[in-house]
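Working notes, structure below.
The residues of the chain are indexed from 1 along the displayed sequence.
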Amino acid sequence: MALSLAFSPCPNDTFVFHALVHGLVPGAPPVDVTYADVDVTNTAAERGAFDLVKVSYAALPWLLDDYHLLPCGGALGRGCGPLVLIRGDHADRSDHPDGPGQPDHSDGPGQPERLGGSGRADLGGATVAVPGDRTTAYLLFRLWAAERPPARIEVVPFHEIMPGVAAGRYDAGLVIHEARFTYPRHGLTALVDLGEWWEADTGLPIPLGAILARRGAVDPEAAAEWIRESVRQAWADPAASREYVLAHAQEMEPDVVDRHIGLYVNEFTADLGDAGFAAVEALLGRAADAGLVPQTSSSLATAWTS
């Protein structure tokens with residue numbers, strides 16, 4: 001009997017799950033796949049809609065009663081955090097050596113620029129587009145902007161955020177994934193790299209997306225082994241998944257696809273390890289202390305593995 005499996009069409013997910021989806025993992029059952037952005041899967045998981053599902057770590061407090069967190073297959077790492085973007089002509093460049101308004105590309109194309117002046121405070125009266133209200137990106141944003149939150153938040157489909165900021169419909173936009181590599185094409189600049197902020201503040205990697213197994217429907221230990229084997233096969237023969245990955249890459253150029261996989265599929269994909277679990281505990285602990293997510297009824301480490 002097939003298990004229902006849901007994850008995004010992003011290159012990191014299709015790369016990781018290629019072998020499992022295509023029946024190449026010994027002993028694994030067939031899977032019935034749904035491709036959906038994480039804001040959709042966060043909501044669907046609350047209804048118990050899938051046996052295996054990719055969700056935001058920020059959504060875990062609402063899901064752990066019904067799901068096990070698997071220690072593999074997700075997205076967690078360093079240098080891969082969400083960005084807050086604004087139009088390039090709105091950036092305050094008062095700290096630039098050549099004077100305000102001068103761009104700084106010292107970090108190279110596709111890297112966040114360092115903004116000075118009142119850039120952070122400027123969001124106090126802003127309308128900010130976000131990709132989902134229970135995404136890790138938005139939770140990080142709320143922690144970062146706690147002292148001066150924006151005037152208005154709008155939940156917007158991810159593909160509409162950068163064009164919306166560029167057109168002036170929103171003062172700023174919160175983006176993830178391949179936007180790290182493509183935002184300059186829209187005439188946008190990065191006000192803050194929330195992953196960089198998180199790493200500097202905690203010393204921990206940033207937890208983005210988690211893989212969950214529905215309690216009573218899937219043996220979590222078996223599921224973890226299936227996914228680890230799928231990851232091993234992906235790394236052993238990247239060419240095997242190429243056609244599948246590109247078919248779901250939403251018109252991304254092959255170079256962007258490769259950079260996307262290289263950034264988001266890393267050692268934490270194979271195993272969260274102590275650092276990964278510590279990162280999740282820190283994120284949800286801080287958020288719970290700030291009243292942004294529910295407290296869990298037991299220690300997070302127990303909830304993840306029991």
Pairwise side-chain contact, V265 with W235, heavy-atom cut-off 4.5 Å (strictly under)
yes
Do side-chain atoms of W198 reach the backbone of P205 as a donor and acceptor pair under 3.5 angstrom?
yes
What residues, two or more places apart in sequence or in another chain, satisfy side-chain hydrogen bond (donor to acceptor under 3.5 Å, both in side chains) together with R169?
none
Do the side chains of D13 and K54 get nearer than 4.5 Å, heavy atoms only?
yes
Does E267 have any side-chain hydrogen bond (donor to acceptor under 3.5 Å, both in side chains) partners at least two apart in sequence or in another chain, and if so, which?
none
With no hydrogens and no angle check, is any side-chain donor or acceptor of R228 less than 3.5 Å from a backbone partner on A270?
yes
Between L194 and V84, does the side-chain contact (heavy atoms from CB on, under 4.5 Å) criterion hold? Intermediate values first, please.
CA-CA 7 Å; L194 292 174; V84 179; 4.1 Å; yes
Which label fits Y138 and F141: parallel for a plane angle under 30°, tilted from 30 to 60°, or perpendicular past 60°?
parallel
side-chain contact (heavy atoms from CB on, under 4.5 Å), that's the test. Do L20 and E229 meet it? Break it down for me.
CA-CA 8 Å; L20 182 60; E229 176 59 23; over 6 Å; no
Check whether the ring centres of H177 and Y264 lie less than 6.0 Å apart, and answer yes or no.
yes
Indicate the atoms forming the closest heavy-atom contact of L283 with P207, along with that distance.
CD2-CG, 3.7 Å
Hydrogens and angles aside, do S4 and D32 bring a side-chain donor and acceptor to less than 3.5 Å of each other?
no
Cluster overlap V40 with L60, hydrophobic side-chain contacts below 4.5 Å:
no
Please say whether more than 12 non-hydrogen atoms of neighbouring residues, nucleotides or ligands are located less than 6.0 Å from CZ in R152.
no
Anything under 30° is parallel, anything over 60° is perpendicular, the rest tilted; go ahead and classify Y244 against H18.
tilted
Note: D171-R87 ion pair, threshold 4.0 Å (strictly below)
no
Do V155 and L123 land in one hydrophobic cluster if side-chain heavy atoms of ILVMFWY residues count as linked below 4.5 Å?
yes
Do T135 and V38 touch side chain to side chain, with heavy atoms closer than 4.5 Å?
yes
D274 atom CG, neighbour heavy-atom count above 12 within 6.0 Å
no
Could you check whether D133 pairs with R142 (Lys NZ or Arg NE/NH1/NH2 to Asp/Glu carboxylate O, under 4.0 Å)?
no
CA sep, side-chain torsions, deciding dist, call: V53, L5, side-chain contact (heavy atoms from CB on, under 4.5 Å)
CA-CA 6 Å; V53 60; L5 167 65; over 6 Å; no
Between D258 and R242, does any side-chain N to carboxylate O distance fall below 4.0 Å?
yes
In chain order, what residues pass the side-chain hydrogen bond (donor to acceptor under 3.5 Å, both in side chains) check against T127, with sequence neighbours excluded?
none
OG1 on T136 to CG on L208, rounded to 0.5 Å
6.0 Å
So, R185 and E253, do they make that salt bridge, N to O below 4.0 Å?
yes
When you look at V33 and F17, which way does the side-chain contact (heavy atoms from CB on, under 4.5 Å) test go after all the steps?
CA-CA 10 Å; V33 182; F17 286 101; over 6 Å; no
Can you give me the closest heavy-atom contact between L85 and L188, atom names plus distance?
CD1-CD1, 3.9 Å
Within a strict 4.5 Å, meaning less than it, do heavy atoms of the F268 and C72 side chains meet?
no
Heavy-atom pair of closest approach, residues A58 and L284:
CA-CD2, 4.2 Å
Answer whether the closest heavy-atom distance between the side chains of F50 and V55 falls below 4.5 Å.
no
For F181 and R259, the nearest pair of non-hydrogen atoms, with its separation, is CD2-NH2, 3.4 Å
Do the non-hydrogen side-chain atoms of T269 and N12 ever get within less than 4.5 Å of each other?
no
Looking just at side-chain N and O atoms, do S8 and D37 make a donor-acceptor pair shorter than 3.5 Å?
no
Tell me whether E196 contacts the main-chain N or O of G81 through its side chain, where contact means a donor paired with an acceptor under 3.5 Å.
no
Over all atoms of both residues, closest heavy-atom pair of S241 and F15:
OG-CD1, 3.5 Å
With the threshold set at 4.0 Å, does a side-chain nitrogen-carboxylate oxygen contact exist between R215 and D65?
no
For P82 and I176, which heavy atoms make the closest approach, and how far apart are they?
CB-CG2, 4.0 Å
Check whether T189 reaches the backbone of G88 with its side chain - one donor and one acceptor, N or O, closer than 3.5 Å.
no
Can you confirm whether V257 sits close enough to L246 that some side-chain heavy atom of one is under 4.5 Å from a side-chain heavy atom of the other?
yes
Check: H68 and V218 side chains under 4.5 Å, non-hydrogen atoms:
no
Calculate, to the nearest 0.5 Å, the distance between atoms CE and NE2 belonging to M162 and H186 respectively.
4.0 Å
Flag the pair R134 and D39 as a salt bridge only when some basic side-chain nitrogen lies within less than 4.0 angstrom of an acidic carboxylate oxygen.
no
